[in-house]
Amino acid sequence: MTAEMFPKEKTIDLRKKHIGPSCKVFFSHDPIKIVRAKGQYMYDENGVRYLDCINNVAHVGHSHPMVVKAGAEQMELLNTNSRFLHDNLVQYAQRLQATLPEKLSVCYFVNSGSEANDLALRLAWEYTGHKDVITLDNAYHGHVSSLINISPYKFHQLANAEQSKSVHVALSPDLYRGNYRQDHPDPATAYADDVNNLIQKAHEKGHKVAAFIAESLQSCGGQVIPPAGYFQKVAQHVHQAGGLFIADEVQVGFGRVGTHFWAFQLQGEDFVPDIVTMGKPIGNGHPMSCVVTTREVAEAFKNSGMEYFNTFGGNPVSCAIGLAVLDVIEKEDLQGNALRVGGYLMRLLEQQKEKHPLVGDIRGRGLFVGAELVRDRVKLTPATAEAQDIIYKLKEQHILLSADGPHRNVLKFKPPMCFSEEDADMVVEKIDQILTDIEKALGLQMPSTVHTENGSHKRNRMGCSQPDVEVSPHLQDRSGEGEKLCVPRRTHY
């Protein structure tokens with residue numbers, strides 16, 4: 001029996017009445033009512049199709065028939081908890097472990113990325129006997145209390161929040177706007193030394209570090225790609241302090257980075273975390289997640305004397321769905337597609353960087369890509385209003401994209417893995433048009449190329465078509481600011 005379809009206005013009214021007001025919706029000025037989805041497309045109540053560039057949860061594509069069939073068939077047979085023996089649980093654990101380094105061999109199945117990261121902290125606390133946790137600035141690891149405490153992305157939003165004395169915030173290893181950038185001779189060591197300094201300061205206060213936790217690639221923090229070697233150096237410092245390294249793969253695992261199945265593997269074969277957490281894409285929209293760790297850590301958790309039980313974690317339906325997701329990734333070569341299409345998307349966006357002064361940086365791996373918008377390329381002034389303007393204009397053209405990062409100025413591409421080169425062409429073509437219109441309204445243009453005295457080329461120092469340009473009304477309204485914008489004087493890129 002099909003449920004009644006409410007008019008959109010009634011859905012909005014009922015949501016305001018019955019759903020918590022802190023539960024936000026996309027495009028709050030004019031939210032979209034989605035009623036079905038297939039592949040990389042979502043459809044509203046009027047049948048209008050939207051290209052989904054947001055949804056890394058629907059990893060192998062919305063409503064994939066193999067995944068739907070696996071879940072439905074198992075649900076017809078049995079769904080129960082993991083205290084009963086069932087082959088789906090052990091088969092899935094075996095398949096999952098085969099994608100990981102050998103020492104990561106023990107699985108705990110839970111229901112969300114938040115549950116996974118919370119359990120990872122418990123494992124680290126029990127194994128080390130220590131309490132303190134080091135996290136990265138702008139990090140987000142989940143919505144439960146233990147994770148809000150280690151998520152600067154969240155707790156920085158609270159005006160009167162007091163950071164826990166057992167939590168230490170390290171510099172985000174951002175090579176574009178961080179403390180140590182691409183021109184630094186060894187940013188990996190510099191950022192790792194910052195972690196070591198936090199460890200030493202904690203020791204001076206009588207604290208001991210249980211864990212360092214990091215997303216293998218920062219997502220909410222603005223699609224940040226840490227420099228090669230950073231994790232190895234951090235792990236060395238953390239291990240010397242008696243702590244564990246937790247790699248959060250909730251956003252970026254399962255082949256999204258293209259070259260590897262797990263994003264932490266981008267750091268090299270010589271790096272293996274002590275604990276890996278996963279979620280979102282693992283069930284293609286079905287609520288499931290997992291923590292994988294070493295036998296030593298698992299035994300220490302067992303020896304605490306407290307049984308670990310999760311009512312729904314690892315149930316037969318979830319494991320059937322998880323197996324189907326792995327099958328689809330393999331049969332449809334979605335990891336290879338992420339590499340090919342992601343590389344193509346990066347090249348298209350790099351062309352936009354050469355064309356548009358608002359595009360400051362393009363970064364990413366596979367189908368995890370960020371385009372950071374700035375009002376000038378020297379001061380790196382975030383183009384927050386412009387990013388939001390692009391998001392809303394794309395939505396008007398039936399393309400769903402989001403902006404994130406500490407300044408909400410990074411366009412985030414993390415679409416379903418079936419995303420195609422044709423999809424990339426369409427999105428970037430629209431972005432090109434929108435950027436052209438915004439820059440025209442602001443009087444911005446790329447600095448012209450001039451010849452220097454020695455015959456080499458460099459950019460003209462001027463980046464404005466006129467010395468002072470008023471912002472366009474729609475940008476002024478969106479940002480709440482009335483400042484004048486101009487590409488600054490500069491000598492090179």
Side-chain angles (χ1 to χ4, degrees), residues 6-37 42-45 48 50-58 62 111-115 117-118 137-161 215 218-223 248 250-251 279-281 285 287 289 370 372-373 382-416 474-475 477-481:
F6 296 140
K8 180 177 174 179
E9 293 74 18
K10 183 174 181 180
T11 303
I12 292 172
D13 290 342
L14 288 172
R15 182 175 175 118
K16 289 178 179 177
K17 182 178 180 180
H18 296 297
I19 306 302
S22 57
C23 300
K24 303 299 184 182
V25 296
F26 285 130
F27 311 107
S28 57
H29 299 302
D30 182 25
I32 305 170
K33 182 173 181 177
I34 296 296
V35 298
R36 65 185 180 93
M42 306 179 81
Y43 299 83
D44 71 12
E45 75 278 18
V48 176
Y50 292 83
L51 176 62
D52 182 4
C53 303
I54 293 175
N55 228 312
N56 60 336
V57 177
H62 292 279
N111 306 289
S112 71
S114 291
E115 276 193 57
N117 282 329
D118 180 73
D137 200 10
N138 306 319
Y140 175 65
H141 294 290
H143 61 78
V144 300
S145 296
S146 65
L147 303 177
I148 294 296
N149 285 341
I150 63 167
S151 296
Y153 178 82
K154 285 292 186 181
F155 69 64
H156 282 337
Q157 298 176 20
L158 303 175
N160 299 317
E215 299 165 89
Q218 275 196 305
S219 181
C220 293
Q223 313 296 87
D248 179 344
V250 170
Q251 294 269 10
K280 296 187 187 300
S289 59
E372 181 155 358
L373 305 186
T384 302
E386 292 82 353
Q388 297 305 311
D389 206 54
I390 289 170
I391 297 306
Y392 273 83
K393 281 184 162 56
L394 285 174
K395 179 241 187 185
E396 292 168 2
Q397 299 183 61
H398 309 135
I399 296 172
L400 305 180
L401 190 66
S402 64
D404 216 332
H407 307 289
R408 301 294 192 272
N409 67 318
V410 181
L411 303 181
K412 293 176 61 173
F413 297 83
K414 47 186 183 66
H474 64 280
L475 286 179
D477 290 344
R478 184 90 69 201
S479 66
E481 301 170 352

Task: Closest heavy-atom pair and its distance - Ala139, Glu215 - done: CA-OE2, 4.0 Å
- [ ] Could you tell me whether the side chain of Lys414 and the main chain of Gln251 form a donor-acceptor pair under 3.5 Å?
- [x] no
Open item on the list: Looking at Lys8 and Asp44, is there a salt bridge between them, counting it only when a charged N and a carboxylate O are closer than 4.0 Å?
Closed with: no
Open item on the list: Whether Lys393 and Asp389 form a salt bridge (side-chain N of Lys/Arg under 4.0 Å from carboxylate O of Asp/Glu) is what I want to check.
Closed with: yes
Task: Any Lys395 side-chain heavy atom under 4.5 Å of Asp30 side chain - done: yes
Open item on the list: Restricting to ring pair (Phe, Tyr, Trp, His ring centres under 6.0 Å), what partner residues turn up for Tyr43, sequence neighbours left out?
Closed with: none
- [ ] Please examine the side chains of Leu51 and Leu401, heavy atoms only from C-beta on, and report whether any two atoms are closer than 4.5 Å.
- [x] no
TODO: Measure across Pro21 and Lys24 and return the closest heavy-atom pair with its distance rounded to 0.1 Å.
DONE: O-NZ, 3.4 Å
TODO: Specify the closest pair of heavy atoms between Cys220 and Asp404, including all atoms of both residues, with the distance to one decimal.
DONE: O-OD1, 3.3 Å
- [ ] Answer yes or no: is there a donor N or O on one side and an acceptor on the other, between the side chain of Thr384 and the main chain of Arg408, under 3.5 Å?
- [x] no
TODO: Find out whether Phe413 and Gln223 are in side-chain contact, i.e. whether some heavy atom of one side chain is under 4.5 Å from a heavy atom of the other.
DONE: no
Open item on the list: Rounded at 0.5 Å granularity, tell me how far CD in Gln388 sits from CG in Leu373.
Closed with: 10.0 Å
Task: Whether Ser114 side chain and His143 backbone form a donor-acceptor pair below 3.5 Å - done: yes
Open item on the list: If I take atom CG from residue Asp248 and atom OH from residue Tyr140, how far apart are they, to the nearest 0.5 angstrom?
Closed with: 10.0 Å
- [ ] Please round to the nearest 0.5 Å and tell me the distance separating atom SG of Cys23 and atom NZ of Lys16.
- [x] 14.5 Å
Task: Within 6.0 Å of CZ in Phe26, more than 12 heavy atoms from elsewhere - done: no
Open item on the list: Please determine whether the number of non-hydrogen atoms from other residues, nucleotides or ligands lying under 6.0 Å from atom NZ of Lys280 exceeds 12.
Closed with: no
Task: Spacing of CG belonging to Leu400 relative to CD1 belonging to Ile391, to within rounding of 0.5 Å - done: 9.5 Å
Task: Ile34 CD1 to Asn55 CG distance, which is reported to the nearest 0.5 Å - done: 10.0 Å
Open item on the list: I need the minimum non-hydrogen distance between Ala387 and Asn409, along with the two atoms involved.
Closed with: CB-CA, 3.8 Å
Open item on the list: Looking at every heavy atom in both Ala58 and Pro416, which two are closest together, and how far apart are they?
Closed with: O-CB, 3.3 Å
Open item on the list: Please enumerate all residues that pass side chain to side chain contact (heavy atoms under 4.5 Å, CB included) together with Ser28, with sequence neighbours excluded.
Closed with: Val25, Tyr392
Task: Atom pair CZ (Arg15) and NZ (Lys33), whose distance is rounded to the nearest 0.5 Å - done: 12.0 Å
TODO: Could you pull out the closest heavy-atom pair between Ser289 and Asn111, with the gap in Å?
DONE: OG-N, 3.3 Å
- [ ] Find out whether Asn117 and Ile150 are in side-chain contact, i.e. whether some heavy atom of one side chain is under 4.5 Å from a heavy atom of the other.
- [x] no
